[in-house]
Amino acid sequence: MNNKKIASVFSETIKELVGNEDAKDMFNHRRDGEPMPSWRVINEVVNLVRAIMFPGYFGDSVQEAHTLSYKTGMNVDRLYKLLYEQVYAGLCYGNEDMKAEEVAAAAQQATLDFIAYLPELRNKLAKDVEATYNGDPAATGFGEVICCYPGVKAVSNYRMAHRLLELGVPLIPRIISEIAHSETGIDIHPGACIGEYFTIDHGTGIVIGETCIIGNNVKLYQGVTLGAKSFPLDEKGNPIKGIPRHPILKDNVIVYANATILGRITVGKGAVIGGNIWVTDNVPDGGQIVQRK
């Protein structure tokens, strides 16, 4: 083996990788030496939150009433430690001008605010579970819905991610939503606003865009897309970010399988959108859009 030749190839390759113009964008250099958020640890955070929300269904499957407070306390304590580290890393990534002590203070506050939100999160998820159970005659009980339904997993992740986004935490909300996307095939952007008693039936292939607004008691079936119709461009030809571009679904809307609803349109209260429909115009309250026979 020609060690001199190997060393030459290594040296030239490393030189090109480090000196390449693309390295400026591919290298995380916003805060030199600080870690990026970890997918592995954030996945553990998600599992801890699920264990706190649904004791016995996630985490330790053996639960006893007299130890529930102790186990919940242990989980909350570990959640705080892990989440603080990840929020700190996320803030380092997203706030290069902040001083280290400012990042630490902001990370602690955001983490404590999320911990304080856990009872409200439980309340919201309990309503989602109830709506899912009531909306599916095949469901045998709340336990089956919690354990087995991909929609509940995806919505759980969404509600965690949405709260962290509200608290100003960068990057981590998207990682949490993508964990659910990988697990369930359901893609919910953490920026979407989703009301109470939300149901996803089957769920595979559902896409909910960043600026969607969804009311209470809404039900979506598999393959539904709540997307953008077009992307307005700036003077340089780049998409303008942050503008409302996804649908608004009001209370009590049902959208059946593989319907595609695009643009900043409004689907009125109690409307029903049939399967395999392409909708780009407003739908009135109580409206029904179905394929012609």
With distance as the sole test, does [X] use its side chain to make a donor-acceptor pair with the main-chain N or O of [Y] at under 3.5 Å?
X: S8; Y: K4; value: no
X: D187; Y: H181; value: no
X: N282; Y: I265; value: no
X: E102; Y: K99; value: yes
X: T225; Y: G227; value: no
X: R122; Y: M53; value: yes
X: Y158; Y: A192; value: yes
X: N252; Y: K269; value: no
X: N123; Y: P119; value: no

Check whether any side-chain heavy atom of [X] sits under 4.5 Å from a side-chain heavy atom of [Y], and report yes or no.
X: V76; Y: L48; result: no
X: V218; Y: T199; result: no
X: T184; Y: T204; result: no
X: H189; Y: H246; result: no
X: E178; Y: W39; result: yes
X: I52; Y: F58; result: no
X: Q86; Y: I175; result: no
X: L249; Y: L220; result: yes

Grouping I, L, V, M, F, W and Y whenever their side-chain heavy atoms are under 4.5 Å apart, do [X] and [Y] come out in a common cluster?
X: Y88; Y: L79; answer: yes
X: L121; Y: L164; answer: yes
X: V253; Y: V272; answer: no
X: L83; Y: M36; answer: yes
X: L165; Y: V207; answer: no

Less than 4.0 angstrom from a charged side-chain N to a carboxylate O is my criterion; do [X] and [Y] meet it?
X: R163; Y: D113; result: no
X: K124; Y: D128; result: no
X: E183; Y: R50; result: yes
X: K219; Y: D201; result: yes

Point-to-point distance, once rounded to the nearest 0.5 Å, from [atom1] of [X] to [atom2] of [Y]:
X: I248; Y: C193; atom1: CD1; atom2: SG; answer: 10.0 Å
X: Y80; Y: I115; atom1: OH; atom2: CD1; answer: 8.5 Å
X: N43; Y: R40; atom1: CG; atom2: CZ; answer: 9.5 Å
X: I214; Y: F198; atom1: CD1; atom2: CZ; answer: 4.5 Å
X: I6; Y: S11; atom1: CD1; atom2: OG; answer: 13.5 Å
X: N157; Y: K153; atom1: CG; atom2: NZ; answer: 9.0 Å

Quiz item: Can you check side-chain contact (heavy atoms from CB on, under 4.5 Å) on I200 and I188, steps first, answer last?
Solution: CA-CA 11 Å; I200 289 177; I188 308 177; 4.0 Å; yes
Do you know which two heavy atoms are closest between [X] and [Y], and how far apart they sit?
X: V87; Y: A110; value: CG1-CB, 4.2 Å
X: P247; Y: L262; value: CG-N, 4.3 Å
X: V279; Y: I273; value: CG2-CG2, 4.0 Å
X: L226; Y: C212; value: CB-SG, 3.5 Å
X: Y221; Y: A257; value: CB-N, 3.6 Å
X: G274; Y: V290; value: CA-CG1, 4.3 Å

Exercise. Any chance you could lay out the side-chain contact (heavy atoms from CB on, under 4.5 Å) test for L125 and F54, step after step, and finish with the verdict?
Key: CA-CA 9 Å; L125 292 177; F54 307 115; 4.0 Å; yes
Quiz item: Just checking, is any N or O donor in the side chain of N217 or D251 under 3.5 Å from an acceptor N or O on the other one?
Solution: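 Short answer, no.
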Quiz item: Given V145, which of T140, V129, N134 fulfils the side chain to side chain contact (heavy atoms under 4.5 Å, CB included) condition?
Solution: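 With V145 as partner, side chain to side chain contact (heavy atoms under 4.5 Å, CB included) holds for just one option, V129.
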Practice problem: Go through the steps for R245 and R264 under the test side-chain contact (heavy atoms from CB on, under 4.5 Å), then give the verdict. | Solution: CA-CA 5 Å; R245 59 194 185 279; R264 193 57 162 189; 5.7 Å; no
Exercise. Could you list all the ring-ring contact (aromatic ring centres under 6.0 Å, His included) pairs where at least one residue sits in residues 112-152, not counting sequence neighbours?
Key: Y133-F142
